[in-house]
Protein chains: 2
Amino acid sequence: MPRPSTPLLSPDRIRSTALAIIDRDGLDGLSMRKLAAELGVQAASLYGHVRTKDQLLNDIASSILSAVDVTGFTVDWREGLLRCARSYRAALSSHPNIVPFLAYGPAGRAESLQRLDLLHGALVSAGWSRREATMIAAGLMYIVFGSALSTFSSGFSADPADYSDRYPHLDRAHLLPGVARELDRDSFEMALAAFVRGL
Amino acid sequence: MPRPSTPLLSPDRIRSTALAIIDRDGLDGLSMRKLAAELGVQAASLYGHVRTKDQLLNDIASSILSAVDVTGFTVDWREGLLRCARSYRAALSSHPNIVPFLAYGPAGRAESLQRLDLLHGALVSAGWSRREATMIAAGLMYIVFGSALSTFSSGFSADPADYSDRYPHLDRAHLLPGVARELDRDSFEMALAAFVRGL
DNA sequence: GAGTTAACCTAACACTGTTCGGTTTCTCAG
DNA sequence: CTGAGAAACCGAACAGTGTTAGGTTAACTC
């Protein structure tokens with residue numbers, strides 16, 4: 001099948017299909033051949049629209065991060081921090097399987113930097129020193145990424161026998177997967193509130 | 001070379017060599033063939049001592065996590081949280097390249113669970129509810145893992161031109177790589193202090 | 001000294017990201 | 001309306017990955 005009348009591929013279609021695969025099968029579940037098959041195409045054809053797989057992932061990451069809202073600093077800086085962190089986490093947890101990639105690679109994405117710039121500026125004009133502003137922004141990212149990796153609630157076994165004997169204080173840990181989402185959100189809110197309150 | 005007089009391989013030697021490669025070349029820099037070559041052996045020979053690569057990484061992770069100290073709760077729970085978090089971060093940041101793997105997989109490692117059990121119990125006997133204890137432990141992990149991923153200071157370009165035009169508040173971001181380690185530690189300490197104070 | 005087992009090997013399988021060269025169809029200038 | 005060139009796809013290949021099967025030899029055990 002050479003050069004069809006209407007193109008089968010476009011960067012947008014490739015990106016959204018790739019993201020769908022990641023959401024469905026995890027980060028390791030995405031391969032160029034599988035992506036191509038899902039688009040009704042051979043793997044080599046993708047490289048006419050995408051430079052490399054890494055670039056593709058970066059583009060997807062950027063489009064996810066562009067949903068982060070940092071415009072909440074008009075009220076005061078505490079409220080701004082809360083809103084920014086919530087928006088960041090919401091963006092990440094809408095596609096949790098790609099978070100390891102975000103956390104892995106360098107923070108050199110334009111979307112990240114632009115938002116970081118606004119955040120930093122808002123903190124400085126609220127009276128923090130530049131160094132303090134940097135550390136506060138870092139601390140906020142710790143909580144956001146730490147919570148989005150969701151290493152915590154999910155990842156527990158659903159079998160009570162895995163815990164009851166060896167770990168007496170975790171005798172209800174097998175219930176965690178059932179309430180993971182809710183508990184993760186509440187833990188995030190608690191950590192965020194404690195952090196901002198303690199500044 | 002069949003069955004040498006003294007064995008070339010042992011689980012310990014494999015683990016430590018693998019960890020050395022990870023420390024030197026990063027997580028992606030570890031392949032079974034490269035590991036085998038470094039041990040003076042063919043790749044297939046490793047599988048007499050190690051079940052799979054994933055299991056090998058898990059074993060390495062466990063040995064790193066076994067250095068985490070959660071015995072600081074004899075004083076009071078705040079001090080215990082601080083010590084536990086510092087010890088955890090120290091363990092992770094002594095081998096930063098393996099942290100993405102830790103953050104990726106499930107938290108079902110015996111070493112993690114045992115420490116989590118102690119932490120949870122200490123918080124409950126300090127008067128927190130079980131749910132609160134779980135959320136506090138989760139929040140602590142957020143900060144520890146978020147900071148150990150060190151997505152932050154490292155990952156910035158060392159070229160001022162990358163920032164000065166587009167991101168006015170980040171005009172000194174190019175200095176970050178030079179002080180990354182120090183700044184990351186200070187940011188962690190600040191986030192941890194703020195979190196514990198705000199509880 | 002014979003038999004078993006442990007430790008290594010070579011060769012292969014099925015996969016990965018990526019590139020090269022080829023084929024066809026579309027687009028556009030003359 | 002023709003001819004040139006680019007665009008969009010494909011098949012085949014390369015070097016790499018984790019892993020397994022089957023073979024060879026040395027060391028241990030009785």
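In what follows, chains are A, B, ... by sequence order, proteins preceding strands, each numbered from 1.
Residues satisfying the salt bridge (Lys or Arg N to Asp or Glu O under 4.0 Å) test with Arg185(B), not counting sequence neighbours, are none. Residues passing the salt bridge (Lys or Arg N to Asp or Glu O under 4.0 Å) test with Glu132(B): none are found, sequence neighbours excluded. Annotation: salt bridge (Lys or Arg N to Asp or Glu O under 4.0 Å) contacts of Asp69(B) (sequence neighbours excluded): none. Judged as a side-chain contact (heavy atoms from CB on, under 4.5 Å), and not counting sequence neighbours, the contacts of His169(A) are Asp117(B), His120(B). Taking the side-chain contact (heavy atoms from CB on, under 4.5 Å) definition, one finds that Ser94(A) meets it with nothing, sequence neighbours left out. Partners of Ser16(B) according to the side-chain contact (heavy atoms from CB on, under 4.5 Å) rule, which considers only residues two or more places apart in sequence or in another chain, do not exist here. For Val50(A), the side-chain contact (heavy atoms from CB on, under 4.5 Å) criterion is met by Ile14(A), Leu56(A), not counting sequence neighbours. Scored by the salt bridge (Lys or Arg N to Asp or Glu O under 4.0 Å) test, Arg197(B) finds no partners at all (sequence neighbours excluded).
If you take CZ of Arg13(B) and P of dA7(C), they are 14 Å apart, rounded to a whole angstrom.
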Restricting both atoms to N or O, compile the protein contacts to nucleotides 22-28 of chain C shorter than 3.5 Å, with distance only.
from    : atom 1 : to      : atom 2 : distance (Å)
dT25(C) : O2     : Arg3(A) : NE     : 3.0

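Near DNA chain C, meaning a heavy atom under 4.0 Å away, the residues from residues 42-57 of chain B are Gln42(B), Ala44(B), Ser45(B), His49(B). Within residues 17-38 of chain B, the residues approached by DNA chain D to less than 4.0 Å at the level of any non-hydrogen atom are Leu30(B), Ser31(B), Met32(B), Arg33(B), in residue-number order.
Exactly one residue among Thr52(B), Asn58(B), Asp59(B) makes a side-chain hydrogen bond (donor to acceptor under 3.5 Å, both in side chains) with Gln55(B). That residue is Asp59(B).
Listed by first and then second residue, the ring-ring contact (aromatic ring centres under 6.0 Å, His included) pairs that reach into residues 44-84 of chain B are Trp77(B)-Trp128(B), sequence neighbours excluded.
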